[in-house]
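In this chain, numbering begins with 1 at the start of the sequence shown. Computation of the quantities below employed the complete heavy-atom set of this structure, encompassing side-chain atoms and omitting hydrogens, waters and symmetry-equivalent molecules.
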Amino acid sequence: QVRLQESGGGSAQAGGSLRLACEISGNTLNGMCVAWFRKNGGMEREAVAALYTPSGNTYYRDFLEGRFTVSQGNAKRTLYLHMNNLKPEDTAVYYCGADYLSCANLGWSRPGGYNYWGQGTQVTVSS
């Protein structure tokens, strides 16, 4: 059983920064794609970034324009999302999802490809 717990959400001004964390517990993390998604109101869950744990390869959506970075903690059981130059449109509940496939084979940006999800953390960016 894999359990995910997000933290680090909160409020920020436009242009500011936040760092989200996804703590992963339970079974091994080997061979796992871990991704960040976000959902704002009635909109669909939207992929943001992902990391493949064996290689550390990262994947990002083009609309981020380099503002966000995903990384693993030293203990490899925490995935971070570093969010810089925040915009009001980044306001959403941010979720981490994970599953035992390579991000490339999983089609990492499809939420339906993940079996494990956290509860989410709210990020609110004001102008």
Side-chain angles (χ1 to χ4, degrees):
Q1 183 70 21
V2 174
R3 291 174 293 277
L4 308 176
Q5 179 65 59
E6 303 92 340
S7 62
S11 299
Q13 296 282 332
S17 299
L18 284 173
R19 187 184 75 167
L20 306 184
C22 174
E23 185 172 350
I24 306 166
S25 59
N27 290 347
T28 177
L29 268 64
N30 289 339
M32 181 173 277
C33 179
V34 187
W36 285 99
F37 284 77
R38 66 188 185 185
K39 189 175 187 300
N40 187 4
M43 299 177 66
E44 293 187 357
R45 195 169 293 198
E46 176 181 57
V48 176
L51 183 147
Y52 184 48
T53 57
S55 62
N57 287 348
T58 54
Y59 303 80
Y60 298 95
R61 296 292 303 278
D62 290 342
F63 63 75
L64 294 175
E65 299 177 325
R67 297 184 297 119
F68 293 6
T69 303
V70 62
S71 65
Q72 273 187 292
N74 289 335
K76 305 295 184 184
R77 283 202 169 267
T78 304
L79 189 76
Y80 296 104
L81 182 67
H82 307 264
M83 305 188 295
N84 297 313
N85 192 19
L86 284 163
K87 302 178 180 181
E89 52 262 43
D90 294 320
T91 295
V93 178
Y94 284 71
Y95 300 88
C96 59
D99 213 321
Y100 290 101
L101 284 172
S102 73
C103 295
N105 292 340
L106 184 62
W108 74 270
S109 63
R110 297 184 304 109
Y114 298 85
N115 283 311
Y116 306 105
W117 290 94
Q119 295 299 307
T121 185
Q122 175 71 47
V123 170
T124 303
V125 183
S126 57
S127 58

Margin query: I'd like to know if Met83 and Phe63 are part of one continuous hydrophobic network [Ile/Leu/Val/Met/Phe/Trp/Tyr, side-chain heavy atoms within less than 4.5 Å].
Written below: yes
Checklist line | Side-chain donor/acceptor of Thr91 to backbone N/O of Thr124, under 3.5 Å | finding: no
Item checked: Contacts of Lys87 that satisfy salt bridge (charged side-chain N to carboxylate O under 4.0 Å, His left out) - sequence neighbours left out -> Glu65
Notebook entry, point to check: Is the distance between the ring centroids of Phe37 and Trp117 less than 6.0 Å?
Noted result: yes
Next item on the list: Step by step, work out the side-chain contact (heavy atoms from CB on, under 4.5 Å) result for Leu4 and Gln119.
Entry: CA-CA 8 Å; Leu4 308 176; Gln119 295 299 307; over 6 Å; no
Checklist line | Trp108 CH2 to Thr58 OG1 distance, which is reported to the nearest 0.5 Å | finding: 9.5 Å
Notebook entry, point to check: Which pair of non-hydrogen atoms, one from Phe68 and one from Val48, has the smallest distance, and what is that distance?
Noted result: CD2-CG1, 3.6 Å
Next item on the list: Using the ring of Trp36 (Phe, Tyr or Trp, six-membered ring only), decide whether Arg61 places NZ or CZ under 6.0 Å from its centre and within 45 degrees of its axis.
Entry: no
Margin query: Measuring from atom OG1 of Thr121 to atom CG of Leu81, what distance do you get when rounded to the nearest 0.5 angstrom?
Written below: 11.0 Å
Item checked: Atom pair NZ (Lys39) and CD (Glu46), whose distance is rounded to the nearest 0.5 Å -> 11.5 Å
Would you mind writing out the side-chain donor-acceptor pairs for residues 93-101 within the sub-3.5 Å range, not counting sequence neighbours?
residue	atom	partner	partner atom	Å
Tyr94	OH	Arg38	NH1	3.0
Tyr94	OH	Asp90	O	2.6
Asp99	OD2	Asn115	N	3.0
Asp99	OD2	Asn115	ND2	2.8
Tyr100	OH	Thr28	O	2.5

Margin query: So which atom in Ser71 and which in His82 form the shortest heavy-atom distance, rounded to 0.1 Å?
Written below: OG-NE2, 2.9 Å
Next item on the list: Calculate, to the nearest 0.5 Å, the distance between atoms SG and CG belonging to Cys103 and Asn57 respectively.
Entry: 8.0 Å
Pair up each side-chain donor or acceptor in residues 14-26 with any protein partner under 3.5 Å, not counting sequence neighbours, and list the distances.
residue	atom	partner	partner atom	Å
Ser17	OG	Asn84	OD1	2.9

Note to self: Hydrophobic clusters here meaning ILVMFWY residues chained together by side-chain heavy-atom distances under 4.5 Å, can you tell me if Leu51 and Tyr60 are in one?
What the structure shows: yes
Margin query: How close do Gln72 and Thr53 get, counting heavy atoms only, and between which atoms?
Written below: NE2-CG2, 3.8 Å
Notebook entry, point to check: How far does CG of Leu86 sit from OG of Ser127, to the nearest 0.5 angstrom?
Noted result: 13.0 Å
